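Not measured: the values here are computed from a predicted model.
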Amino acid sequence: TPYSPKRTLTNLLSVYDLDPGDTVYIDTATNGHAYGVRFDPSDADGTVASPITFVGPTNGARAEFRFVPGFRNGFVLSNALNVRIRALTIRGYTNGVRVVGASTNNLVVGNTVSSNAVRGVSFFGDDVDANRIVSNMIDGKNYQINGVFIEDGDRNVITNNRIVGN
């Protein structure tokens, strides 16, 4: 709640079980996550009508997730259903956002994903279906090998992104 904020997103996920329709607001700050943020199915199981949403500040500022030197994944959606990641800055990881397993109908929108060692946003696996990457700035800054990488899956959509320096 706004009255009992948690210091990190990892701490919040260890304390609370998220339910469909929950929105987690991430305030302006630089959040150093040495191992990134991994959503297990209990925290990543929204519905089409009621997704689980992680959103950065609503006042135009950015919440930044960063790790240096960058040998971990920033956000991992594993077997995630109907999760939204919006208005964050994610940088300095191996993969900024990695979607794996039977992950379906997730949305990565309006983020800045930059300076990750290998990939900005990646989808891995046969069952990674109907996910969307929309209106993000994905900037390699001479580090990323792939801005967006899709290994398999069906009906994934990439639209209206700016992908540079990869």
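The CZ atom of R119 lies 13.0 Å from the CD1 atom of I138; values are rounded to the nearest 0.5 Å. Here CE of M137 is found 11.0 Å from OG1 of T89. Values are rounded to the nearest 0.5 Å. Atom OG of S50 sits about 11.5 Å away from atom CG of D45, to the nearest 0.5 Å. To the nearest 0.5 Å, atoms CD1 (I90) and OG (S114) are separated by 9.5 Å. To the nearest 0.5 angstrom, F75 atom CZ is 8.0 Å from F54 atom CZ. How far OG1 of T47 is from CG of D19: 10.5 Å, rounded to the nearest 0.5 Å.
No continuous path of hydrophobic side-chain contacts links L81 to L18 [ILVMFWY only; heavy atoms under 4.5 Å]. In terms of hydrophobic clustering, with Ile, Leu, Val, Met, Phe, Trp and Tyr side chains grouped at heavy-atom distances under 4.5 Å, V55 and I133 are assigned to different clusters. Taken together through direct or relayed side-chain contacts under 4.5 Å among Ile, Leu, Val, Met, Phe, Trp and Tyr, V108 and V48 form parts of separate hydrophobic clusters. Cluster membership for Y25 and L13, using ILVMFWY side-chain heavy atoms within less than 4.5 angstrom, is not shared.
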Begin with the C-alpha distance, continue with both residues' side-chain angles, and end with the deciding distance and a verdict on side chain to side chain contact (heavy atoms under 4.5 Å, CB included) for R98 and F124.
CA-CA 8 Å; R98 183 177 172 140; F124 288 96; 3.8 Å; yes

Let's go through V76 and N95 carefully: what are the C-alpha distance in whole Å and the side-chain angles of both, what is the deciding distance for side chain to side chain contact (heavy atoms under 4.5 Å, CB included) to 0.1 Å, and is it a yes or a no?
CA-CA 9 Å; V76 178; N95 297 292; over 6 Å; no

Checking S135 against N160 for the side chain to side chain donor-acceptor pair (under 3.5 Å) test, could you report, in this order, the C-alpha distance in whole Å, the side-chain angles of both residues, the deciding distance, and whether it holds?
CA-CA 5 Å; S135 300; N160 200 35; 3.0 Å; yes

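At least one donor-acceptor pair under 3.5 Å links the side chain of D129 to the backbone N or O of D154. For N131 (side chain) and S103 (main-chain N/O), a donor-acceptor pair under 3.5 Å exists by modelled atom type. The backbone N or O of N136 lies less than 3.5 Å from no partner atom in the side chain of N111, so there is not a single donor-acceptor pair. Side chain of N116 to backbone of G92: a donor-acceptor contact under 3.5 angstrom is found. Remark: side-chain polar atoms of N79 are paired, donor with acceptor, to backbone N or O of A102 under 3.5 angstrom.
Using a 4.5 Å heavy-atom cutoff, the side chains of V148 and I163 are in contact. Considering only heavy atoms from C-beta on, I158 comes within 4.5 Å of I150 through its side chain. Looking at R132 and R155, their side chains never come closer than 4.5 Å, going by heavy atoms from C-beta outward.
Atom CZ of R86 has 12 or fewer neighbouring heavy atoms from other residues, nucleotides or ligands inside a 6.0 Å radius.
Minimum interatomic distance between G120 and V113 (heavy atoms only, all atoms of both residues): O-CG1, 3.4 Å. Between E151 and G125, the closest heavy-atom pair is OE1-N, 4.1 Å. Taking each heavy atom of N161 and T159 in turn, the nearest pair found is ND2-O, 3.0 Å. Here the closest non-hydrogen pair linking P57 and A87 is CD-O, 4.2 Å.
Clustering of Ile, Leu, Val, Met, Phe, Trp and Tyr side chains at separations under 4.5 Å places L107 together with V109, V134.
Partners of D152 by side-chain contact (heavy atoms from CB on, under 4.5 Å), not counting sequence neighbours, listed by chain and number: D126.
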